[in-house]
K.L.:
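So that we are looking at the same thing, I have put the structure below in structure tokens.
For the single chain, residues carry numbers from 1 onward in sequence order.
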Amino acid sequence: MPIRLFTIQDGEGFVADAFQCPVTGNLIYKSSGTPSVIAYTDLTDEQIMRLEKYGFRRLGESPARMESGPDGIEELLPRQ
């Protein structure tokens, strides 16, 4: 399940959401209609650094696989 990074709203009812895919690291931008996907490899270091303050994770920072046991699922849940 993609992790929500942030939501953009303006005074005229426009809403857009940004997500990160926990598997591929891709950035997913959804406003209306079909979501846009930006491949992780297409993001510059500067863009990634700016997104990190919203919870974006660099590939390799989070566990690549879920640990067995009840605590392993906690790693998949979004931070609050």
Side-chain angles (χ1 to χ4, degrees):
M1 174 182 275
I3 299 166
R4 181 186 308 273
L5 300 174
F6 55 85
T7 299
I8 301 169
Q9 294 180 320
D10 68 10
E12 298 177 14
F14 174 78
V15 176
D17 294 304
F19 301 88
Q20 183 181 21
C21 175
V23 177
T24 63
N26 294 344
L27 180 66
I28 304 163
Y29 179 79
K30 173 106 169 82
S31 56
S32 60
T34 305
S36 299
V37 177
I38 302 168
Y40 181 86
T41 55
D42 290 343
L43 294 169
T44 65
D45 281 336
E46 180 182 340
Q47 290 170 321
I48 291 173
M49 285 175 28
R50 292 176 68 190
L51 289 166
E52 284 178 322
K53 67 181 175 185
Y54 300 105
F56 190 88
R57 291 187 171 189
R58 293 180 184 265
L59 288 181
E61 283 187 356
S62 60
R65 60 180 179 199
M66 188 170 80
E67 307 261 335
S68 59
D71 294 333
I73 193 71
E74 296 297 322
E75 291 295 321
L76 299 175
L77 299 174
R79 292 181 291 175
Q80 296 189 18

K.L.:
Using a 4.5 Å cut-off on heavy atoms from C-beta on, say whether the side chain of Ile48 contacts that of Phe56.
P.N.:
yes
K.L.:
If hydrophobic residues (ILVMFWY) are linked whenever their side-chain heavy atoms come closer than 4.5 Å, directly or via other members, who joins Val37 in its cluster?
P.N.:
Phe19, Ile28
K.L.:
Enumerate the salt bridge (charged side-chain N to carboxylate O under 4.0 Å, His left out) contacts for residues 29-41, please, sequence neighbours excluded, ordered by first and then second residue.
P.N.:
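Listed once each, the pairs would be none.
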K.L.:
Rounded at 0.5 Å granularity, tell me how far CD in Glu52 sits from CG in Asp45.
P.N.:
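With rounding to 0.5 Å, CD (Glu52) is 9.0 Å from CG (Asp45).
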K.L.:
Mind checking what makes ring-ring contact (aromatic ring centres under 6.0 Å, His included) contact with Phe6, not counting sequence neighbours?
P.N.:
Tyr54
K.L.:
How many angstroms lie between OG1 in Thr24 and CG in Leu59, if you round to the nearest 0.5 Å?
P.N.:
7.5 Å
K.L.:
Minimum heavy-atom separation for Gly25 to Tyr40, with atom names?
P.N.:
O-CD1, 3.3 Å
K.L.:
Starting from Leu51, can I reach Ile8 by hopping between I/L/V/M/F/W/Y residues whose side chains sit under 4.5 Å apart?
P.N.:
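Yes: a chain of side-chain contacts under 4.5 Å links Ile8 to Leu51.
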K.L.:
Over all heavy atoms of both residues, which pair between Pro22 and Pro2 is shortest? Give the atoms and the distance, please.
P.N.:
CD-CA, 3.9 Å
K.L.:
Can you tell me if Gln20 uses its side chain to pair, donor with acceptor, with the backbone of Arg57 under 3.5 Å?
P.N.:
yes
K.L.:
Go through the steps to decide whether Thr44 and Arg50 satisfy the test side-chain contact (heavy atoms from CB on, under 4.5 Å), and finish with yes or no.
P.N.:
CA-CA 10 Å; Thr44 65; Arg50 292 176 68 190; over 6 Å; no
K.L.:
Are the side chains of Asp42 and Leu27 in touch, meaning some heavy atoms are under 4.5 Å apart?
P.N.:
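Sidechains of Leu27 and Asp42: no contact.
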